[in-house]
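Below is one structure; the comments refer to it alone.
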Amino acid sequence: MYEMHLGEATSGPGPVWHVVAHDRSATLCGRPLVPAGGSDTDRHCLPCMSAFHAVMTGEAPGG
């Protein structure tokens, strides 16, 4: 099971939605789970979304 958590962006300021496996303490892009200042956003972490897509389709990461 995967969840979306608000966190700091990997590039640039501001919060984004990261993907987190329920049994992990870091996002799929490798960022630790830390508060993003409580802001809401509709932006998503592209590295997390790419990793999630690879997991769901059974593709190896990176291609």
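Not measured: the values here are computed from a predicted model.
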Notebook entry, point to check: Measuring from Glu3:CD to His22:NE2, what's the distance to the nearest 0.5 Å?
Noted result: 8.5 Å

Next item on the list: Kindly work out whether a path of hydrophobic side-chain contacts (I/L/V/M/F/W/Y, heavy atoms less than 4.5 Å apart) joins Leu6 to Tyr2.
Entry: yes

Next item on the list: Look at the side chain of His44 and the backbone N and O of Asp42, then say whether any donor-acceptor pair between them is shorter than 3.5 Å.
Entry: yes

Notebook entry, point to check: Hey, what do you get for CE (Met4) to SG (Cys45), rounding to the nearest 0.5 Å?
Noted result: 8.5 Å

Check: Same hydrophobic cluster for Trp17 and Val55, using side-chain heavy-atom links shorter than 4.5 Å among ILVMFWY?
Finding: yes

Checklist line | Arg43: side chain to side chain contact (heavy atoms under 4.5 Å, CB included) partners, not counting sequence neighbours | finding: Ala9, Val16, Thr41

Note to self: In the structure I gave you, are the side-chain heavy atoms of Thr27 and His5 within less than 4.5 Å of one another anywhere?
What the structure shows: no

Next item on the list: Return yes if some donor-acceptor pair links the side-chain N/O of His18 with the main-chain N/O of Met49 below 3.5 Å, else return no.
Entry: no

